[in-house]
Peer 1: 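Below is one structure. I have some questions about it.
Computed over heavy atoms, backbone and side chain alike; hydrogens, waters and symmetry mates excluded. What you see is a predicted model; the values in this text were computed from it and never measured.
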Amino acid sequence: MTTDTDAAPTDILLIRHGETAWNAERRLQGHLDIPLNGEGERQAALLAAALAGESIDAVVSSDLMRARQTAQAVADTKGLPLRQDAQLRERGYGGFEGLLYSEIEQRFPREFAAWQARDVDASLPPGRNTAETFRAFFARCTGAILRLAAASPGTTLALVAHGGVLECAYRLARGLPLDTPRDFKVYNASINRFRYHPADGRLELYSWGEVEHLRPGVLDELP
């Protein structure tokens, strides 16, 4: 039997982690576990303060350190436990991870060209961590967001993840093809507001890229 609560939408605050040293130098992180830098810690504190007055029922983060640290600041301010979900991780970039974009182009010119051309089924070179196609990554992280939302009808979730995860959620909500260029910004410690509608499984975007709490100094995630 379906109740009114079961049919209620879920509000989602989807948040990108704060800045890391590798963000600042444009080095690809992927599944490598990089902590926040000093600026990222400042951003996490400002984010938590900005959300202190909002109704949040649960805080869930990627299991990578940069997301956990950002989410912990929010959870502590709200007096909530921090839950982790590895399915909210950034895309696994395999052999690209740990390299500057210029280094990737030099070492892996064919794979780099396919990546920049947005070939969503192109394979990445193997590395110490998983190498995912963009299509597989999209399915993983959007599936996690929808699963978490469906399990918590009528609540507000704060989900702290990564630039690629935010991009995928934006594309899902807007119905954008995966192979189109990214023409929207994805800022560190930004607040992005979605609503999940259980009746049709639809993800609605109603506010993107809130960063006024961080001014000045936020970095965009490179596409």
Side-chain angles (χ1 to χ4, degrees), residues 14-37 40 61-67 70 85-147 159-190 192 194 203 205 208-209 218-223:
L14 186 56
I15 298 161
R16 185 184 173 205
H17 63 78
E19 184 183 306
T20 71
W22 283 20
N23 287 148
E25 65 184 23
R26 304 302 192 185
R27 188 178 296 276
L28 197 63
Q29 296 173 115
H31 285 190
L32 294 181
D33 210 8
I34 309 303
L36 299 180
N37 61 11
S61 82
S62 154
D63 63 339
L64 295 176
M65 188 184 307
R66 54 196 185 271
T70 305
D85 192 322
Q87 297 303 301
L88 293 175
R89 278 189 176 198
E90 181 60 278
R91 180 181 176 184
Y93 280 98
F96 284 6
E97 293 182 355
L99 301 178
L100 298 172
Y101 283 71
S102 58
E103 293 172 334
I104 296 171
E105 184 175 15
Q106 291 170 3
R107 295 190 194 183
F108 306 105
R110 180 176 59 83
E111 293 91 342
F112 180 84
W115 179 39
Q116 294 300 296
R118 299 203 65 91
D119 181 343
V120 300
D121 294 307
S123 298
L124 300 179
R128 74 181 92 170
N129 293 318
T130 300
E132 295 176 286
T133 66
F134 187 72
R135 190 184 303 278
F137 168 58
F138 177 88
R140 166 171 64 81
C141 66
T142 58
I145 292 168
L146 296 179
R147 168 176 51 80
L159 306 182
V160 183
H162 305 266
V165 177
L166 270 65
E167 175 184 349
C168 289
Y170 185 99
R171 288 182 181 277
L172 178 63
R174 289 291 176 88
L176 297 179
L178 301 188
D179 59 357
T180 56
R182 200 190 77 191
D183 58 0
F184 49 93
K185 302 293 186 180
V186 183
Y187 292 114
N188 285 117
S190 59
N192 307 276
F194 295 81
L203 189 66
L205 172 64
W208 182 259
V218 289
L219 295 178
D220 174 39
E221 168 79 359
L222 285 178

Peer 1: Kindly say whether Gly94 contributes a backbone atom to a donor-acceptor pair with the side chain of Asn129 at under 3.5 angstrom?
Peer 2: no
Peer 1: Out of curiosity, Thr20 OG1 to Asn188 CG, how far, rounded to the nearest 0.5 Å?
Peer 2: 7.0 Å
Peer 1: Is it true that Arg171 and Thr142 share a donor-acceptor pair across their side chains at a distance under 3.5 Å?
Peer 2: no
Peer 1: Heavy-atom count around Arg128 CZ within 6.0 Å, excluding the residue itself: above 12?
Peer 2: no
Peer 1: State, with a plain yes or no, whether a side-chain heavy atom of Leu64 is found less than 4.5 Å away from one of Gln29.
Peer 2: no
Peer 1: What's the shortest heavy-atom distance between Pro125 and Glu111, and which atoms?
Peer 2: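 Closest approach of Pro125 to Glu111: CD-CG, 3.8 Å.
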Peer 1: So, does Arg91 use its side chain to make a donor-acceptor pair with the main chain of Glu132 at under 3.5 Å?
Peer 2: yes
Peer 1: If we ignore hydrogens and angles and just use 3.5 Å, is the side chain of Arg16 paired with the main-chain N or O of Val186 as donor and acceptor?
Peer 2: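 Yes; judged by distance alone, with no hydrogens or angles, the pair exists.
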Peer 1: Does any part of the side chain of Leu159, heavy atoms only, come nearer than 4.5 Å to the side chain of Leu14, both counted from C-beta?
Peer 2: yes
Peer 1: Can a donor-acceptor pair be found, under 3.5 Å and without considering hydrogens, that links the side chain of Arg27 to the backbone of Gly98?
Peer 2: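 Side chain of Arg27 to backbone of Gly98: a pair is present.
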Peer 1: Side-chain contact, heavy-atom cut-off 4.5 Å: Glu90 with Arg66?
Peer 2: yes
Peer 1: Return yes if some donor-acceptor pair links the side-chain N/O of Arg135 with the main-chain N/O of Asp121 below 3.5 Å, else return no.
Peer 2: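 No, Arg135 side chain to Asp121 backbone: no donor-acceptor pair under 3.5 Å.
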Peer 1: What distance separates Glu105 CD from Leu99 CG, expressed to the nearest 0.5 Å?
Peer 2: 12.5 Å
Peer 1: Within the 4.5 Å heavy-atom criterion, are Ile104 and Tyr93 side-chain neighbours or not?
Peer 2: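 No, their side chains stay 4.5 Å or more apart.
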Peer 1: Under 4.0 Å between a Lys/Arg side-chain N and an Asp/Glu carboxylate O for Asp179 and Arg118?
Peer 2: no
Peer 1: Whether the side chain of Thr70 engages the backbone of Gly18 through a donor-acceptor N/O pair (distance < 3.5 Å, no angle test) should be reported.
Peer 2: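 Indeed, once roles are kept as given, a pair shorter than 3.5 Å links the two residues.
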Peer 1: Do the rings of Trp115 and Phe96 sit parallel, tilted or perpendicular, given the 30° and 60° boundaries?
Peer 2: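 Judged by the thresholds at 30° and 60°, the geometry between Trp115 and Phe96 is tilted.
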